[in-house]
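Structure record follows, encoded as structure tokens.
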Amino acid sequence: MNPPKEFSFAARLIAWQKSQGRHDLPWQGTGDAYRIWLSEIMLQQTQVATVIPYFRRFLAEFPTVTALAQAPLNAVLERWAGLGYYARARHLHRCAQQVAAAYGGHFPETPAELAALPGIGRSTAAAIAVFAFGTRAAILDGNVKRVLARYFGIEGFPGSAPVERRLWALAESLLPDADLEAYTQGLMDLGATVCRRSRPVCENCPVRPECVAFRKGRQVDLPTPRPRKALPERKTAMLLLMDEHTLLLERRPASGIWGGLLSLPEADWDAANQAADALAASHGCRILARALLPEVRHAFTHFRLNIRILSCRAEHFHGERAASEGHKDFPDRLHQIWLPRADVAKAALPAPVRRALAAIVAEDS
DNA sequence: GAGGCGTGGTC
DNA sequence: TGACCAAGCCT
């Protein structure tokens, strides 16, 4: 037996969202499907505070879905650099092109059509449909999983298939008949500001009375943490070939870590010096000095990466550099490029590489 | 269906 | 300091 409608989970969440929720985020209050879509993609696995500056810069450079569709992929990656999960940027670009070509620059309105576009899954499709078109559809992101796992006392890692199926069913069953925007936003606001992973503020929660986790004092245990494996380790050597004004970068393959970004040419850990000599020869350079930098150790979520950087000061032989090869995944851009040192800050570089380069270049000059 | 994929914040 | 995770999706 459901409680009377005015006291339902959805009704109290909607009321709470209107008085206590977030209303001033840069993508709110527009109804612009392009902005809503862009924000939803950026917000996948990424916190609001991180997204906001990227969202503003992105919108300033690509004001419409058509403008985004017409931009070269590298321009998109440059604006995305530092945000992570770069497949999102490639899918975003493809999605814009499909919306421009197949829908005349207007996003489709149904969750099914939206979910058929690159980078848009079930939850993101629902969020766009709700916020842009007022559709009645359920989302299930990290916030909602946490809220529901606690409220219903659901055991088991929410990412596992059986638990996720259950959560989807609950999310669908709780949907109100109206006010979908406030309800959907309220779920995420509650998860982000009250029903936080650590130190939840239960005294501010509008649905506390029925919350199983609260009643049993199990907020700390729910949701059940992910079962963890030991992180694998990877080693790589990166070659920094530079002269007074420029440095050599290489486009990474479209798939895998840092896919599609620029980075330093890589070589075998043990053969870095020979590789640097070969690289210099192929570019008509002579290496004047080289320095092996202390090993850099990055802890990613999914593995550990140990990097050695062999920094080579080079001098040109013939004044003209060897032709760079094209890259099958990026036909509009070169596989290897010489980048002006001054442009390191705005290039599409992974964050650790950009930081390392900035330090080395500053030291060298 | 399980594994891969970034970065920055929190404790 | 290292473990853990955040407005998930694709392969």
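So that the names make sense, note that chain A is the first sequence line, chain B the second, and so on, each numbered from 1. When reading the values below, keep in mind they use all heavy atoms of this one structure, side chains included, and skip hydrogens, waters and symmetry mates.
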Please tell me whether A:Tyr151 and A:Phe9 form a close aromatic pair, meaning their ring centres lie under 6.0 Å apart.
yes
Sub-6.0 Å ring centroid separation between A:Tyr85 and A:Trp258
no
Could you tell me whether [X] contacts a base, only the sugar-phosphate backbone, or nothing, with contacts defined as non-hydrogen atoms closer than 4.0 Å?
| X | answer |
| --- | --- |
| A:Gly191 | nothing |
| A:Leu117 | sugar-phosphate |
| A:Arg355 | sugar-phosphate |
| A:Gln185 | base |
| A:Ile120 | sugar-phosphate |
| A:Ala161 | nothing |

Is the closest basic N to carboxylate O distance between [X] and [Y] below 4.0 Å?
| X | Y | value |
| --- | --- | --- |
| A:Asp177 | A:Arg136 | yes |
| A:Glu210 | A:Arg12 | yes |
| A:Lys216 | A:Asp221 | no |
| A:Arg297 | A:Glu233 | yes |

Rounded off to whole Å, could you give me the [atom1]-to-[atom2] distance for the [X] and [N] pair?
| X | N | atom1 | atom2 | answer |
| --- | --- | --- | --- | --- |
| A:Ile41 | C:dA6 | CD1 | C1' | 16 Å |
| A:Leu83 | B:dC5 | CG | P | 17 Å |
| A:Phe157 | B:dG3 | CZ | C1' | 12 Å |
| A:Phe300 | C:dA3 | CZ | P | 15 Å |
| A:Arg90 | B:dG4 | CZ | C1' | 12 Å |
| A:Leu305 | B:dG4 | CG | C1' | 15 Å |
| A:Arg197 | C:dC5 | CZ | C1' | 5 Å |
| A:Met42 | B:dG6 | CE | P | 15 Å |

Going by heavy atoms closer than 4.0 Å, what residues in residues 223-238 of chain A are next to DNA chain B?
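Heavy-atom cutoff 4.0 Å gives A:Lys229, A:Arg234.
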Below 4.0 Å: OP1/OP2 of [N] and any side-chain N or O of [X]:
| X | N | answer |
| --- | --- | --- |
| A:Ser198 | B:dT10 | no |
| A:Tyr54 | B:dT7 | no |
| A:Trp80 | B:dG6 | no |

Check the orientation of A:His283 and A:Trp338. Use parallel for under 30°, tilted for 30 to 60°, and perpendicular for over 60°.
perpendicular
Can you classify the ring geometry of A:Phe303 versus A:Phe300 as parallel (below 30°), tilted (30 to 60°) or perpendicular (above 60°)?
parallel
Considering only atom P, compute the distance from B:dG8 to C:dC9 and round it to an integer number of Å.
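So the two P atoms sit 23 Å from each other.
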With a cut-off of under 6.0 Å to the ring centre and 45° to the axis, is A:Arg56 in cation-pi contact with A:Phe58?
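No, A:Arg56 does not sit over the ring of A:Phe58.
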Nucleotide nearest A:Arg304 when distance is taken to its side chain, options C:dA3, B:dT7, C:dC9
C:dA3
Does anything in residues 137-150 of chain A reach DNA chain C, meaning a heavy atom under 4.0 Å, and if so which residues?
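Heavy-atom cutoff 4.0 Å gives A:Asp141, A:Gly142, A:Asn143, A:Arg146.
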Sub-4.0 Å heavy-atom contacts from residues 45-53 of chain A onto DNA chain C, ordered by number
A:Gln45, A:Gln47
Under 3.5 Å, is there any donor-acceptor pair linking the side chain of A:Thr301 to the base of C:dC5?
yes
If only side-chain N and O atoms count, and only distance matters, is there a donor-acceptor pair under 3.5 Å linking A:Glu113 with A:Thr110?
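Note: A:Thr110 and A:Glu113 side chains meet the donor-acceptor criterion.
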A:Phe55 vs A:Trp27, ring-ring contact (aromatic ring centres under 6.0 Å, His included): CA-CA, chis, key distance, verdict
CA-CA 9 Å; A:Phe55 178 82; A:Trp27 43 86; 5.2 Å; yes
For the pair A:Thr193 and A:Arg22, evaluate side-chain hydrogen bond (donor to acceptor under 3.5 Å, both in side chains) and give the outcome as yes or no after the intermediate values.
CA-CA 9 Å; A:Thr193 66; A:Arg22 297 173 290 187; over 6 Å; no
Note: for A:Arg199 and A:Ala87 on DNA chain B, the residue whose nearest nucleotide lies more 5' is A:Ala87
Before giving the answer on side chain to side chain contact (heavy atoms under 4.5 Å, CB included), spell out for A:Asp179 and A:Lys18 the whole-Å C-alpha distance, their side-chain angles and the decisive distance to 0.1 Å.
CA-CA 11 Å; A:Asp179 240 343; A:Lys18 290 181 175 176; 2.6 Å; yes
